[in-house]
2 protein chains.
Amino acid sequence: MIGQSYLSPEPNADTKSLMKSSEPPLQKIDKAPQTLRDIVQDRLREAIIDGRFAPGQRLVERPLCDQLGVSRTVIRETIRFLEAEGLVEILPNRGPVVSTLDWAQAKQIYDVRLLLEGAAAATCAQRHGQNFAPELDRALNYIKTAMGDTEWANLLQATTRFYELIFKEAGHIVAWEIVQRLNGRISRLRALTLSTRSRDGKGLKQLTAIHDAILSRDPNAALQAVETHITAAATAAQGFLKDAKAGLGKDLQL
Amino acid sequence: MIGQSYLSPEPNADTKSLMKSSEPPLQKIDKAPQTLRDIVQDRLREAIIDGRFAPGQRLVERPLCDQLGVSRTVIRETIRFLEAEGLVEILPNRGPVVSTLDWAQAKQIYDVRLLLEGAAAATCAQRHGQNFAPELDRALNYIKTAMGDTEWANLLQATTRFYELIFKEAGHIVAWEIVQRLNGRISRLRALTLSTRSRDGKGLKQLTAIHDAILSRDPNAALQAVETHITAAATAAQGFLKDAKAGLGKDLQL
DNA sequence: TATCATAGTATGGTATACCATATTACCAAT
DNA sequence: ATTGGTAATATGGTATACCATACTATGATA
């Protein structure tokens with residue numbers, strides 16, 4: 001999430017022509033000293049989202065310390081953060097576990113996404129600037145190529161990037177953060193639905209519809225396109241969760 | 001957020017007629033051993049929301065340890081949690097400060113609230129059960145009485161309760177959690193707008209309109225009512241933030 | 001007097017050790 | 001087989017020490 005450009009674009013490219021660059025004498029150095037916590041947070045979050053920690057699995061602190069080579073303090077702090085994000089739950093007297101998901105929650109998450117993504121697409125359709133079209137094209141093409149990929153993480157990232165563009169262009173930063181957090185909680189579900197839906201061409205077709213509606217500056221069409229896309233995704237997801245529930249009795253698997 | 005009903009509703013009401021109560025012989029004791037962190041979290045969150053810690057104010061760890069009588073670990077973990085909630089920001093090499101708010105963010109928060117609360121009200125209008133009407137009546141009455149109160153916290157809590165009822169009845173738990181978190185970030189703004197808007201009668205009138213639309217099972221009217229209510233609140237809020245900005249040059253004050 | 005340098009202080013970041021408690025598993029005794 | 005106890009494990013909570021950095025104040029030098 002946070003880049004690692006500690007220094008200004010030109011670190012010290014001009015030692016001879018000092019004070020020659022006209023406008024800003026010196027750019028402020030906004031060092032973002034990537035703290036250990038941040039690294040561990042990203043690492044753990046990614047591991048959970050990628051499914052390397054299964055839902056329901058316990059996250060025992062000291063082993064995590066050994067694996068990541070950091071102290072307990074750091075681990076505990078990141079667990080607190082991920083708990084607030086909804087990726088981790090704390091069982092009383094048992095400690096943190098990877099959050100599980102049932103259909104009731106997933107359904108609500110898709111509902112909220114529907115509202116926020118629909119609004120973002122509509123706003124974006126009205127407001128997008130001139131250099132936005134090629135960017136959205138590129139994002140859509142990324143998705144197209146990622147569909148043939150075997151690595152589902154790429155496809156997930158590509159679609160995420162697609163929506164990120166839309167939200168950012170609409171100026172809906174807060175909403176995008178919310179959606180991202182929600183997506184973290186249904187990441188495994190998303191991976192499943194995306195990979196299956198990429199086999200039939202429907203998923204891509206729906207995303208293309210969103211793309212077209214936005215670029216033709218038709219807010220209502222954009223809203224509609226998002227609606228059909230998310231509804232389809234939710235339906236597919238429901239199938240998975242229902243299966244998992246039937247198979248195991250608990251909803252731990254997804 | 002978490003109740004403190006450690007024990008079952010009926011602790012041991014029937015010692016004579018043991019095993020007589022037909023279905024559950026004994027209810028499971030779901031003890032929620034309120035951990036130190038939870039207490040400190042609630043305490044600090046409340047302090048920030050109440051404004052006892054001003055926005056931009058530094059939250060120095062060791063003094064907080066002394067004030068609350070807990071160790072640094074606990075303090076740091078709660079700060080991580082509140083950071084994820086958006087109530088606290090971490091300045092590099094300076095440590096945590098209470099988050100500040102500018103109008104760009106506040107506007108977006110009101111936008112998201114508009115979407116989520118509108119949807120909840122509409123759904124609630126369709127689905128609310130039979131014993132819901134008196135509850136909503138009661139909530140509205142609470143607001144009415146709280147308007148005469150000098151303690152603005154009561155009014156804030158009353159309106160929160162009003163919306164909570166709507167969200168819960170609509171089954172939008174996830175959305176409600178999101179809205180609550182957003183409300184935390186604009187709590188001082190809400191307090192200001194609520195108190196000023198309670199002097200003219202408009203705020204109450206708008207809430208009554210929501211109440212009526214829901215109880216008459218008219219989703220569109222409910223959506224409309226929420227829209228006017230939040231739009232008005234946002235406009236009032238904008239006035240405050242603009243003032244603060246003009247007065248101070250920075251947006252630290254709110 | 002003005003500037004520079006140095007030391008001191010405060011704070012965040014990290015690591016480690018310790019204790020109390022709750023849970024679990026295992027083992028022994030009846 | 002059920003009961004009871006004990007040890008192991010893991011967590012919550014605490015305390016402490018160490019280092020790096022930022023800010024501050026003091027003093028020395030030009």
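Residue numbering restarts at 1 for every chain, and letters A, B, ... go by the order of the sequence lines.
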Identify all side-chain donor-acceptor contacts of residues 107-114 of chain B below 3.5 Å with residues at least two apart in sequence or on another chain.
residue	atom	partner	partner atom	Å
K107(B)	NZ	D111(B)	OD1	3.1
K107(B)	NZ	D111(B)	OD2	3.0
Q108(B)	OE1	I173(A)	N	2.7
Q108(B)	OE1	V174(A)	N	2.7
Q108(B)	NE2	G171(A)	O	3.2
R113(B)	NE	E117(B)	OE2	2.9
R113(B)	NH1	N183(B)	OD1	3.3
R113(B)	NH2	E117(B)	OE2	3.4

All ring-ring contact (aromatic ring centres under 6.0 Å, His included) counterparts of F81(B), not counting sequence neighbours:
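None.
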
Mind checking if L59(A) touches a base, just sugar-phosphate, or nothing, with heavy atoms under 4.0 Å?
sugar-phosphate

With heavy atoms under 4.0 Å as the rule, sort R58(A) into base, sugar-phosphate or nothing.
sugar-phosphate

[X] has an atom [atom1]; how far is it from atom [atom2] of [N], in whole Å?
{"X": "R72(B)", "N": "dG12(C)", "atom1": "CZ", "atom2": "C1'", "answer": "7 Å"}
{"X": "R76(A)", "N": "dG13(D)", "atom1": "CZ", "atom2": "P", "answer": "7 Å"}
{"X": "I90(B)", "N": "dG13(C)", "atom1": "CD1", "atom2": "P", "answer": "7 Å"}
{"X": "I39(B)", "N": "dG13(D)", "atom1": "CD1", "atom2": "C1'", "answer": "12 Å"}
{"X": "D66(A)", "N": "dT16(C)", "atom1": "CG", "atom2": "P", "answer": "10 Å"}
{"X": "Q57(B)", "N": "dT11(C)", "atom1": "CD", "atom2": "P", "answer": "13 Å"}
{"X": "L64(A)", "N": "dT11(D)", "atom1": "CG", "atom2": "C1'", "answer": "13 Å"}
{"X": "I79(A)", "N": "dG12(D)", "atom1": "CD1", "atom2": "C1'", "answer": "12 Å"}

From the candidates dG13(D), dT14(C), dG12(D), the one with an atom nearest any side-chain atom of E61(A) is dG12(D)

Between V70(B) and V60(A), who's closer to the 5' end of DNA chain D by nearest nucleotide?
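Of the two residues, V60(A) wins.
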
Ignoring backbone atoms, establish whether [X] has a side-chain N or O less than 4.0 Å from OP1 or OP2 of [N].
{"X": "R94(B)", "N": "dT11(C)", "value": "no"}
{"X": "S71(A)", "N": "dA15(C)", "value": "yes"}
{"X": "R62(B)", "N": "dA10(C)", "value": "no"}

Lys/Arg N to Asp/Glu carboxylate O, R43(A) vs E46(A), below 4.0 Å:
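No, no charged N to carboxylate O under 4.0 Å.
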
NZ/NE/NH1/NH2 to OD/OE distance under 4.0 Å, E164(B) and R161(B)
yes

Going from CG on L87(B) to OG1 on T78(B), what distance comes out if it is rounded to the nearest 0.5 angstrom?
11.0 Å

